[in-house]
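Notes for the one structure printed next.
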There are 2 protein chains.
Amino acid sequence: MDGFAVAVDLVMLTIRDEGLCALLVRRGLPPYPGRWALPGGFVRPDEDLDAAAVRELREETGMDAGTGHLEQLGSYGHPRRDPRGRVVTVAYLALLPDLPAPVAGTDAAHAAWRPVDGHRRLAFDHDRILAEGVERARAKLEYTPLATAFCGPEFTVAELRAVYETVWGAPLDPRNFHRKATSTDGFLAATGGTTEGERGRPARLYRRGDATVLYPPLLRPDPAG
Amino acid sequence: MDGFAVAVDLVMLTIRDEGLCALLVRRGLPPYPGRWALPGGFVRPDEDLDAAAVRELREETGMDAGTGHLEQLGSYGHPRRDPRGRVVTVAYLALLPDLPAPVAGTDAAHAAWRPVDGHRRLAFDHDRILAEGVERARAKLEYTPLATAFCGPEFTVAELRAVYETVWGAPLDPRNFHRKATSTDGFLAATGGTTEGERGRPARLYRRGDATVLYPPLLRPDPAG
DNA sequence: ACAAAAGTGTTTTCCATACACCCATGT
DNA sequence: ACATGGGTGTATGGAAAACACTTTTGT
């Protein structure tokens, strides 16, 4: 009855020049030596699941909680998903701004941000977990303000639109997006500042608002065509 | 590292005369003797999480998989959520048609369908799990055809509308609901049959269609007013 | 002056609502 | 005939898509 190990694995997503990227680590030891895997680790004996996820996030990125977004994704517990024994993993999804900070000085020496598309054959059942994390992120942009988690503390409407376009992989009309984003109650809070030294007219800066859901939602273009 | 027990708990929802109900069991043994709790049990050493949930569902209701709907809800693992030791539970959400079959002959002798509203002080952290299950169900009716899981194999549009009204707790316009439900592609498949012996004009019978998501969604009345 | 990007206005189209109305059955 | 619930048609208001246009900066 008590023979289970419980782990936490993280699908950490951010947006970089290459598009939507996930943080992956290259495994050194068996099982799956040399393969890319999601970062993660075992839950400690007196640690809550959420606390273990926050700890892993900090170990991998140096981020203090409060930046970005962290939520539980799902649990995976096939009896033979880990050849070492019976390991149930609780996966978490993290949405993060592009970190100028390096990923170093930790046990994540072999970590790298890699585009989520065109990735296959991760260790364990991590392909499936990564795919479900990406799909969760895509869906959640529609009806929550989580796209702001990919941005820094202050951002422009155009930056926010770029987040949507990258995650959804589809272009959006800048004018209609602007109107919709700025008119949806609680989505954005103007800081009063503007950008400087960029080409074109300066853009107003915003922080994320206090809404937890977007109503009405920002629906992505019809997936069925 | 291997000192965890893993359990599966079920939020089983159905619609009865009293409204939206969950199956609860009254605990006989400590901890929490005499308190209502979600049905559940430990995952077996060589059993997948989903398989454990299917097994529990069958033990409690006698249902074979395929009826209704079963999905993972989330995992809960606070170090002291169970006084007996370190137990991580994986909660599942089941949506079921109203079962004429009794809930008997099993270890669920003290099980009962109880309205989800006005319930507090379940054992363990089950209040929270139940609340999250109900909210998941409410949200999923919007953009998936899962309302059909509450109905029998064949049902009328009015029965389906009653499901929405019960789960959302709000009245819907019968005419507009009818048009929307029958025109949303893949939601419903007409069987050709009709009801008989009821008051009023006979209603056409439908089965659930093959769509997995509803596009566009059936949005519930604005929660913000 | 021109290019570039931000932001606004306007038109059209679509969809949700509201509700009048007809249909098919039981009593 | 009438009540009851199933199902269709239609007017209207509001939001989304499409796009012309103005604003404000850098070069």
Side-chain angles (χ1 to χ4, degrees), chain A residues 141-143 151 154-166 168 170-207 211 213-225, chain B residues 141-143 147 151 154-166 168 170-207 213-225:
Chain A
L141 290 209
E142 290 192 316
Y143 58 93
C151 301
E154 299 194 356
F155 52 87
T156 66
V157 173
E159 285 167 6
L160 187 67
R161 176 169 49 84
V163 168
Y164 276 91
E165 291 177 328
T166 300
W168 285 348
L172 300 173
D173 184 285
R175 288 78 58 96
N176 292 332
F177 181 87
H178 186 279
R179 191 194 346 264
K180 179 107 192 198
T182 53
S183 69
T184 298
D185 204 61
F187 192 7
L188 302 179
T191 67
T194 63
T195 55
E196 279 180 68
E198 309 276 328
R199 269 184 314 235
R201 173 175 172 175
R204 286 186 263 222
L205 289 169
Y206 295 87
R207 268 192 266 274
V213 294
L214 299 183
Y215 193 91
L218 251 156
L219 296 180
R220 52 186 145 168
D222 188 344
Chain B
L141 290 209
E142 289 192 317
Y143 58 94
C151 301
E154 299 195 355
F155 51 88
T156 66
V157 173
E159 285 166 7
L160 187 66
R161 175 168 49 82
V163 168
Y164 276 91
E165 292 177 328
T166 300
W168 286 348
L172 300 172
D173 184 286
R175 289 79 56 98
N176 293 332
F177 181 87
H178 185 280
R179 188 192 351 261
K180 179 108 195 200
T182 53
S183 70
T184 297
D185 204 63
F187 193 7
L188 303 178
T191 66
T194 63
T195 54
E196 280 181 66
E198 309 274 329
R199 269 185 315 236
R201 173 176 172 174
R204 289 186 258 218
L205 290 170
Y206 295 88
R207 268 191 266 274
V213 294
L214 299 183
Y215 193 92
L218 251 155
L219 295 180
R220 51 187 147 171
D222 188 343

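- Distance Asp173(B) CG to dC19(C) P: 9 Å, rounded to the nearest Å.
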Identify the pairs formed between an N or O of the protein and an N or O of nucleotides 1-4 of chain D at a distance under 3.5 Å, and give each distance.
unit_1	atom_1	unit_2	atom_2	d
dT4(D)	O2	Gly200(B)	N	3.4

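- Applying the side-chain hydrogen bond (donor to acceptor under 3.5 Å, both in side chains) test to Arg207(B) and every residue at least two apart in sequence or in another chain returns Glu154(B).
- Evaluation of the side chain to side chain contact (heavy atoms under 4.5 Å, CB included) rule for Pro216(A) yields Lys180(A) as partners, not counting sequence neighbours.
- Checking dC19(D), dA6(C), dA24(C) against the side-chain heavy atoms of Ala158(A) singles out dA6(C) as nearest.
- Taking side-chain N and O atoms only, His178(B) has a distance below 4.0 Å to OP1 or OP2 of dT8(D).
- Taking CG from Leu141(B) and CG from Leu218(B), the interatomic distance works out to 9.0 Å, rounded to the nearest 0.5 Å.
- Backbone-only engagement by Arg204(A) is indicated by non-hydrogen atom pairs under 4.0 Å involving sugar-phosphate atoms exclusively.
- For Pro202(B), whose side chain is taken as the heavy atoms from C-beta onward, the closest listed nucleotide among dG7(C), dT25(C), dG6(D) is dT25(C).
- Scanning for side chain to side chain contact (heavy atoms under 4.5 Å, CB included) contacts around Pro217(B) gives Leu219(A), Tyr143(B), Leu219(B), with sequence neighbours left out.
- With sequence neighbours left out, Tyr164(A) forms a ring pair (Phe, Tyr, Trp, His ring centres under 6.0 Å) with Trp168(A), Phe177(A).
- When the P atom of dG5(D) is taken as reference, atom CZ of Arg161(B) falls 11 Å away, rounded to whole Å.
- Whole-Å rounding puts the Arg175(B) CZ to dC21(C) C1' distance at 10 Å.
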N/O to N/O distances under 3.5 Å, protein versus nucleotides 14-17 of chain C:
unit_1	atom_1	unit_2	atom_2	d
dA16(C)	OP1	Lys180(B)	NZ	2.4

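- With sequence neighbours left out, the side-chain hydrogen bond (donor to acceptor under 3.5 Å, both in side chains) criterion links Glu159(A) to no other residue.
- Every side-chain hydrogen bond (donor to acceptor under 3.5 Å, both in side chains) that Arg175(A) has, sequence neighbours left out, goes to Asp173(A).
- Between Phe155(B) atom CZ and dG6(D) atom C1' there is a gap of 16 Å when expressed in whole angstrom units.
- Atom CD of Glu159(B) is separated from atom P of dG5(D) by 14 Å (rounded to the nearest Å).
- Contacts between residues 184-197 of chain A and DNA chain C, defined by a heavy-atom separation under 4.0 Å, are absent.
- Distance, Tyr215(A) OH to dA15(D) P: 11 Å, rounded to whole Å.
- The list of side-chain hydrogen bond (donor to acceptor under 3.5 Å, both in side chains) pairs with a residue in residues 184-196 of chain B, not counting sequence neighbours, is empty.
- Evaluation of the side chain to side chain contact (heavy atoms under 4.5 Å, CB included) rule for Ala158(A) yields Thr156(A), Arg161(A) as partners, not counting sequence neighbours.
- Applying the side-chain hydrogen bond (donor to acceptor under 3.5 Å, both in side chains) criterion to Glu198(B), with sequence neighbours excluded, gives no partner residue.
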